[in-house]
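Throughout, protein chains are lettered first and strands after them, A, B, ... in sequence-line order, and every chain is numbered starting at 1.
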Amino acid sequence: MEKNNETLHILRHSASHIMAQAVQKIFPNAKLAIGPAVDTGFYYDFDLEGHSFTEDDLRKIEEEMKAILKQNLTFEKYLIPDVQKQIDEFKAQGEIYKAELLEEHRNDNPTLYLTKDKDGNVLFNDLCAGPHVPNTTFIKGNAIKLLKVAGAYWRGNEKNKMLQRIYATAFWNKEDLEKYLNFLEEAQKRDHRKLGTQLDLFSVREEIGSGFVLWHPNLAVVREEIENYWRTEHRKRGYVIVNTPQIAKSKLWEISGHIDHYKENMFFIRKENEDEDQYIVKPMNCPFHIMIYQANRYSYRSLPLRMAELGTVYRKEKSGALSGLTRVQGFTQDDAHIFCTPEQLVDEINAIIDFVSDTMKIFNMTFEVELSTRPESFVGDIKNWELAEAGLKEAMDKRGMKYEINEGDGAFYGPKIDFKVKDAIGRTWQCATIQLDFNLPERFDIKYQDKDGTMKTPVMLHRVIFGSMERFHGILIEHFAGAFPLWLSPQQVCVVPISERHNDYASEVYNKLRNAGIRVKLDDRSESMGYKIREALQDNKIPYVLVMGDKEIEAGKVAVRIRGIGEAGTLSVDEFINIVKEKINSKTQELSF
RNA sequence: GCCGAUGUAGCUCAGUCGGUAGAGCAACUGAUUCGUAAUCAGUAGGUCAGGGGUUCGAAUCCCCUCAUCGGCUCCA
């Protein structure tokens, strides 16, 4: 058997059998559920009454696995001759989950995999389609690692019993495992929640509520730059920008259908007395944008209408779902709604794809695309769906864009294209999305006048580029490991006088930079130069430090030190300002001169 | 919402068997005036997440709530 990436999942699947064997050796009451290989390793789900796996158990199980591996066991495929008999046997053993699975696969020529010792004794068996490695010599004791224990519902259904899942990983050799563990450690250092505290970027307070983000001055600077970019780009691309209220009467949400379909995610404002109207905090911007559309009459000539807003919405989430900046209850969408005729649809979609791709380029991010098609329950005319799906495909095919298709995964109101960017941990986050909507234009009965003079219902597109400002900033923090490119850096330059007698010159330099519109900090504290440099570059991740002492003052220059690079010679202040301004304007990630 | 873990100074953490809380960094004050990724000394800082209970006595044991973390589910 070849030891490559393609066969790695076979190794991992086999390792999961060894783990199950080890668990049942230590905990004979543990019932087996399922234990597949996944992208980064494998897991096995157990039902174990009366005991929760601990870190210590994981160590013991790992030791037991190593002991099992030393016995040089073989994996053997075994076609179940009498399925009913095997089901009864599983039931007698208490293996109710295996029995349930076998019940379902009874007509698929189900097989067991037997783990045998060299005398042919069966030490362990598991209902399994395989394949597996031939024997345990393929699984190296020093290349497996049990990682964590977590709860997981049987068959992923929250109505079912919660099982205990042990996550683990395995590689062909020790070196690959260590590489992976190092990667996990690196990823942890980039965690935006950790960096959020370290760099004083944001916080979430119990007194305010979970999932409501306080943007500290440092991250507010990043956001300001990104919003500036966002506005400029939207103007360039023919959008109009609007502002809408934070709350609306329940009537609006009745028309939009949100009360019927989205209630559990909405925040209701408590009424003081029964006569008052019920107000609801907006979970979406679309109804407001439609109301703006309704304020005017449109013809096919005046469409498409591209309406954008940095709109803050609030969505109630299940308590366990929240996380840092990436999953919150209050967030600002970089939302837009495009009202157009069916003929304009493909062009509009293409323009949005251009927009997304141009934007992600600036951050040096890659993304993958998924198309989700009509689900089982849907609204609108099936012909429109087919046209729309074909349109989305056409737009992507024309530009040679690769995409995955998630059949039946679209929203009930229309198909969608999702853009997923990759973060430091290799996890993909949904950012940009384009969704067609056949529902809201009907519900609000919006129209445009076509060439032939008749009134028709426009096609409506929802789209975001960043998704939410909160999530996108979380991704940015991880992507850059907190070391933002110059144009986004909360502080761009730190001015460090060597000793007190250089303070006057330093403050002159500081004023010059500040007047030039550069975000600069003067560090004239009575600390050592080395300390100030370290704090600026390493702790605060400021791109440039300007050091000045007698020599620089005499020459009218500054000594430049660059984050992650080191000393970069001396320049006049004007020269430095010109270079830095040019770099800021070009949004480059290159700091060196 | 579910399973499990965690919550001690601004941050990172220690705190034994239940006997009234400690370090490093940061902050503040003073000294130092320094040539490229941590100068020295001193001072101050805590209702031990919140509430209830057991106890002569609780950071420590029990219960509830809140929050955070790892997952599951959800993410119209």
Once you apply the 3.5 Å cut-off to both distances, tell me the Watson-Crick or G-U wobble partner of [N], or none.
| N | answer |
| --- | --- |
| B:rG57 | none |
| B:rA49 | B:rU65 |
| B:rC2 | B:rG71 |
| B:rG24 | B:rC11 |
| B:rA41 | B:rU29 |

Value in whole Å for how far the C1' atom of B:rC75 lies from OH of A:Y262: 7 Å

Could you check how far CG of A:D47 sits from C1' of B:rC2, rounded to whole Å? 14 Å

Counting C-beta onward and ignoring hydrogens, is there a side-chain heavy-atom pair between A:K282 and A:W253 closer than 4.5 Å?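 The answer is yes; the side chains approach within 4.5 Å.
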
Is there a side-chain contact between A:L392 and A:P415, using heavy atoms and a 4.5 Å cut-off? yes

Can a side chain N or O of A:K148 be found less than 4.0 Å away from OP1 or OP2 on B:rG70? no

If we ignore hydrogens and angles and just use 3.5 Å, is the side chain of A:Q329 paired with the main-chain N or O of A:E317 as donor and acceptor? yes

Please confirm whether the backbone N or O of A:I26 pairs with a side-chain atom of A:E64, one donor and one acceptor, at under 3.5 Å?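 Pair absent, no side-chain N/O of A:E64 close to backbone of A:I26.
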
Any base atoms under 4.0 Å from [X], or only sugar-phosphate, or nothing? Heavy atoms, all strands.
| X | value |
| --- | --- |
| A:E207 | nothing |
| A:R525 | sugar-phosphate |
| A:G209 | nothing |

Out of B:rG71, B:rA38, B:rU33, which nucleotide sits closest to the side chain of A:R534?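 Among B:rG71, B:rA38, B:rU33, the one nearest the side chain of A:R534 is B:rA38.
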
So does A:R205 reach the base of B:rA67 with its side chain, donor to acceptor, closer than 3.5 Å? no

Does A:E158 or A:G549 map to a spot on RNA chain B nearer the 5' end, using the closest nucleotide for each? A:G549

Which residue lies more 5' along RNA chain B, comparing A:E552 with A:H261 via nearest heavy atoms: A:E552

